[in-house]
Amino acid sequence: MTAISGPPPTLLVKPTLQMLEKCKTMSELRQIHAHMIKTNFVNHTFAISRLMAFCSLSGVSGGLEYASSVILRIQNPNAFIFFTAIKGFSESSYPLESVILYAQMLSCLENFSGIEFSIPSVLKACGKLSAFEEGRQLHGQILKSYLLFDPFVSNAVVRMYLDFGEIKSARQVFDKMPNRDVVSWNSMITGYLRVGDIDLAHGLFNEMPKRDMVSCNAMIDGYGKCGKCELAIDIFKMMSDKDVVTWTSMISAYVLNYRPREALDLFQEMLSLGVKPDAPVIVSVLSTIADLGFVEEGKWIHTYLCTNKINLSFGFLGSALINMYSKCGCIENAYCVFRSISHGRNIGDWNSMISGLAFHGLAQEAQEIFLNMERMEIWPNEVTFLGLLSACSHGGLVNEGEFYFRIMHEKYNIVPKIQHYGCMVDLYGRAGRLADALGVIQNMPMEADVLAWKAILSSSMKHGQVAIGENAALKAIGLAPKDSSCYVLLSNIYAKAGRWDDVAKVRLIMRQRGVRKIPGCSSILVDGKIHEFLVGEELDVRYSGAVLSMIEEVVYRLKLEGYRPDVTQVLVDIEEEGKESSLSLHSEKKAVAFGLININKGVPIHIVKNLRICSDCHSFIKLVSRVYDRQIIVRDQNRFHRFENGICSCNEYW
DNA sequence: CTAGGGTTAG
C-alpha cells in the first residue's frame, strides 16, 4: 500500500487520537489502523507513535510484529516514532522487544537525531534482561557518539550497571561522568543501598552537592531495610518537605523493624496532614493491619477505597485486602472482596484467597478456588502452589499435597523452590510421617534451610520423636543461632520426655549465647479497644486481680472436667506446682480470661497471639469453649483456631 | 527520556 502524501484532514486528528487512546484489543487496533491508512495518517508522527505505544502494552500479543510492520510502511521514519514503542516495551514483560526495535531503528533511520531519547529505555531493558553483552556494546556506542554528555543517557548507563549488579562499573561511569546531576547521585546511592552497603551510600549522601526529596526518601528506605530504623527516623524528622513516598518509606521502615503500631500512627498522621494516600502506602498499611489483626482499621481502609472509587484490581490492592480480611478472621469478607473483583482479577488475588483459606484450615475451599482457576484457564504461579500445599498440610491432606506438588512441575512447568520442599516437609511432618519428611530433605536438590528443619523439629515435638528432633534442632540452630524458637522447641521435646537435665542444658546454652525467648503476647479486642497481655507475672495493673482470679476459677472448673495441665510446655524444671502456675500465666490464657469477663455470651472471643499457641493452651481453650459455651477464635503465628464445643477447627493440625 | 515507596509464602 502506498501512502498519499500530505497531512490527514485536520478535523480527523483529534477523534483518531482519541480512538487510539481508548483502544482495548489488537483487532480494534487493526481497524483503527486501516482507517488511518485510508485517511492519510501513515506519516502522522504523533498518531503513529500512539499506535506503537499500544503495541507495547503488556497483554497485547503480536505487538512487536505489528509495530515492526507499521514502521516498515512509513516513508521517512523518525526517531520519535520508535521512541514510544521502545519505552513501552522496556517497561513491559517483554523488554527484549525493546532491544530488537532499537536495532531496527538504527538500521532504517537516515538521520540519528533524537535516538538519545530511546537509549535510556534500551539500557533499562538490557538491565532487566541481564543482557551484559548488548549492554556493553551500547555503552561503547554511547562513548563513541559523545552521548555520555546527555545526563539522561549517562544516568541510564549507571542504572544499567547497577541492574547488572556491577557496582564497580557503575561507580566508574559515575566518577567519569561529565555532567553529574542529582539523579546520578541518587542512582548511585540506591545502588549501594540495594546491596546493603550503607556506609558508601551514606558517604555519597553526605558528599553530594545538593540533596533532594528523592535522596532522602531513598536513605529512609535503605536504612529501614537494613534494620537501622533510628537513622531512618533522623532523616525523616529532618525533612521539611515530605511527599507520599517519604511517608511510605518511613511506614515500611517501621513495619520491617517490627514496630507496627508506630507504622499505623504515622499513617494516621499522614492522613491528618492531608497527604493523599495512594496504592503503595495503602498496600503496606493493610499488610500491617493484617499482622496486628486490627479489623476495624482494615474496614475503614476498605470503605475509604470504595468511597474514593479506587479500583481494587489495580496493583496489589485486591490481594492486600483479601489478605487483611482473612488474617483478621473475616474469611467471608475476604470472599466478598474476591468476588467483587471477578473482572480484572490478578494472579495475586487468587493466591491471597487460596492462602487465606489455608490459614483458616479450609483446605476443601482452597482447592475449589484452584479448580476455578483451572476452569477459567488462569495460569497459576509458584505462590499459588505454596498456598495449596499449605492448605493441604494444615488440613492433613497428604495425598492431595503430593498431587499438587506433582502437577506443579508436570503440568505447569514450575520448578519447585526451597519453599515448596519446605511445605512438603511440613506436610509429611504434621501428618506424623517423619521418615518421609526427612526423605524430602535428603532428596531435594538444595541444602535444607532453617524453616525446613524447624518443620521437622516441631513435628518431632508433636509426635514425641526425641532423636530426630535433637538432630533437627542441631541443624536449625547451626543455620540460625539467634532464633530462640529452635531452642525452645528442643527444650519442649526434652521436657516431654522428662529429660529435665537436658532442658536445663538448653537453657544454659541460650543464656551463654545471649538468645532470649520472645515473650508470648496475646491481644484481644473488646469494645473496639485492643488489650494486650504478656506471658508471666507482670500484668497490667488495670486488669490484674480480676484476670488472675478468673484464670484460677477456670482452671478449677476445667480440672473437674478432666483438664490436666501439660507441664512439658514449661521451659524450666521447677516443682510441679510452679510449672502449673507458670502455665496459667501464658498470655493466651490471660486474654481468654479477660474475654470471659468482658465479652457477653454469644459473642465470639477473638484473640491474636504473636507466637504459636502452646499445646496446653490449645487443650485448655478447647475445654473452655465447651464448659463455658463460648466460641473462641485464636489466630497464632501459623493459622486460625476456631474453638467451639470442645473442638478446634484445626483438627490438631498446627 | 534518567533517581525514591507496595502483596500473597512453609
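Per chain, numbering begins at 1; letters A, B, ... match sequence-line order. We use all heavy atoms of the structure for the numbers below, so side chains are in, but hydrogens, waters and symmetry mates are not.
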**Request:** Classify the nucleic acid contact of A/D212 as base, sugar-phosphate or nothing, counting any heavy atom under 4.0 Å across all strands shown.
**Result:** base
**Message:** The side chain of A/R159 is closest to which nucleotide in this list: B/dC1, B/dA9, B/dT2?
**Reply:** B/dT2
**Complete:** Taking B/dT8, B/dA3, B/dG10 as options, the one with an atom nearest any side-chain atom of A/Q419 is B/dG10
**Gap between atoms OH and C1', on A/Y102 and B/dC1 respectively (whole Å)** = 13 Å
**Request:** Would you mind classifying the nucleic acid contact of A/E382 as base, sugar-phosphate or nothing, using non-hydrogen atoms under 4.0 angstrom?
**Result:** nothing
Which donor-acceptor pairs under 3.5 Å do side chains of residues 273-293 of chain A form with protein atoms, sequence neighbours excluded?
from   : atom 1 : to     : atom 2 : distance (Å)
A/S287 : OG     : A/S284 : O      : 3.4
A/T288 : OG1    : A/S284 : O      : 3.0

**Asked** Can you tell me if the side-chain N/O atoms of A/S390 get under 4.0 Å from OP1 or OP2 in B/dG10?
**Response** yes
List the atom pairs, donor and acceptor, that lie under 3.5 Å between side-chain atoms in residues 421-433 of chain A and the rest of the protein, sequence neighbours left out.
from   : atom 1 : to     : atom 2 : distance (Å)
A/D426 : OD2    : A/S393 : OG     : 2.9
A/D426 : OD2    : A/R430 : NE     : 2.7
A/D426 : OD2    : A/R430 : NH2    : 3.0
A/Y428 : OH     : A/E402 : OE2    : 2.5
A/R430 : NE     : A/S393 : OG     : 3.1
A/R430 : NH1    : A/W654 : O      : 2.8
A/R433 : NE     : A/D436 : OD2    : 2.8
A/R433 : NH2    : A/D436 : OD2    : 3.1

**Prompt:** Between B/dT8, B/dT2, B/dG6, which one does the side chain of A/N323 approach most closely?
**Reply:** B/dT8
**Item:** Selection from B/dG10, B/dT8, B/dG6 that lies nearest to any side-chain heavy atom of A/F316
**Value:** B/dG6
**Prompt:** Considering only heavy atoms and no angle criterion, is a donor-acceptor pair shorter than 3.5 Å present between the side chain of A/N638 and the base of B/dG10?
**Reply:** no
**Request:** Would you kindly give the CH2-to-C1' distance between A/W350 and B/dT7, to the nearest whole Å?
**Result:** 17 Å
**Complete:** A/V245 has its side chain closest, among B/dA9, B/dG10, B/dG5, to B/dG5
**Asked** When you check the side-chain N and O atoms of A/S319 and A/D349, is any donor under 3.5 Å from an acceptor?
**Response** no
**Complete:** A/F89 atom CZ is separated from B/dC1 atom C1', nearest whole Å, by 18 Å
**Prompt:** Is there a donor on the side chain of A/D449 or the base of B/dG10 sitting less than 3.5 Å from an acceptor on the other?
**Reply:** yes
**Message:** Is it the case that B/dT8 (base atoms only) and A/S319 (side chain only) share a donor and an acceptor within less than 3.5 Å, ignoring hydrogens and angles?
**Reply:** no
**Request:** Describe the nucleic acid contact of A/R194 in one word from base, sugar-phosphate, nothing, applying a heavy-atom distance below 4.0 Å.
**Result:** sugar-phosphate
**Prompt:** For the side chain of A/T248 and the base of B/dG5, is some donor closer than 3.5 Å to an acceptor across the two?
**Reply:** yes
**Prompt:** If you check the A/K87 side chain, which of B/dC1, B/dG10, B/dT8 turns out closest?
**Reply:** B/dC1
**Sub-4.5 Å side-chain heavy-atom contact between A/R635 and A/F359** = yes
**Message:** Among B/dA9, B/dG6, B/dG5, which nucleotide has an atom closest to any side-chain atom of A/A279?
**Reply:** B/dG6
**Message:** Regarding A/D163 and A/K124, does a basic nitrogen lie under 4.0 Å from an acidic carboxylate oxygen?
**Reply:** no
**Message:** Counting the atoms with a prime plus P, OP1 and OP2 as sugar-phosphate, which does A/D278 contact under 4.0 Å by heavy atoms, base, sugar-phosphate, or nothing?
**Reply:** base
**Prompt:** For A/N186 and B/dA3, what is the distance between atoms CG and C1' respectively, to the nearest whole Å?
**Reply:** 5 Å
**Request:** Scan A/Y421 against the nucleic acid and name what it touches under 4.0 Å (heavy atoms): base, sugar-phosphate only, or nothing.
**Result:** nothing
**Request:** Answer yes if the side chains of A/R171 and A/Y192 hold a donor-acceptor pair under 3.5 Å, and no otherwise.
**Result:** yes
**Asked** Over how many whole Å does the gap from A/K242 atom NZ to B/dG5 atom P extend?
**Response** 18 Å
**Request:** Would you please indicate if the ring centroids of A/F370 and A/F385 are separated by under 6.0 Å?
**Result:** yes
**Fill in**
Between CG of A/N346 and P of B/dT7 the distance, given in whole Å, is 15 Å
**Request:** Assign A/I418 to base, sugar-phosphate, or nothing according to its heavy-atom contacts below 4.0 angstrom with the strands shown.
**Result:** base
**Prompt:** Looking across every strand, which nucleic acid part, if any, lies under 4.0 Å from A/V244 by heavy atom: base, sugar-phosphate, or nothing?
**Reply:** base
**Complete:** Among B/dG6, B/dA3, B/dT2, the one nearest any side-chain atom of A/P120 is B/dT2
**Request:** Check every atom of B/dG10, B/dT8, B/dC1 against the side chain of A/F152 and return the nucleotide holding the closest atom.
**Result:** B/dC1
**Asked** NA contact type, A/G387, heavy-atom cut-off 4.0 Å: base, sugar-phosphate, or nothing?
**Response** nothing
**Prompt:** Starting at CG of A/L204 and ending at P of B/dA3, how long is that distance when rounded to a whole Å?
**Reply:** 17 Å
**Request:** To the nearest Å, give me how far apart CZ (A/R180) and C1' (B/dA3) are.
**Result:** 15 Å
**Item:** From B/dG6, B/dG10, B/dT2, nucleotide with atom closest to A/K225 side chain
**Value:** B/dG6
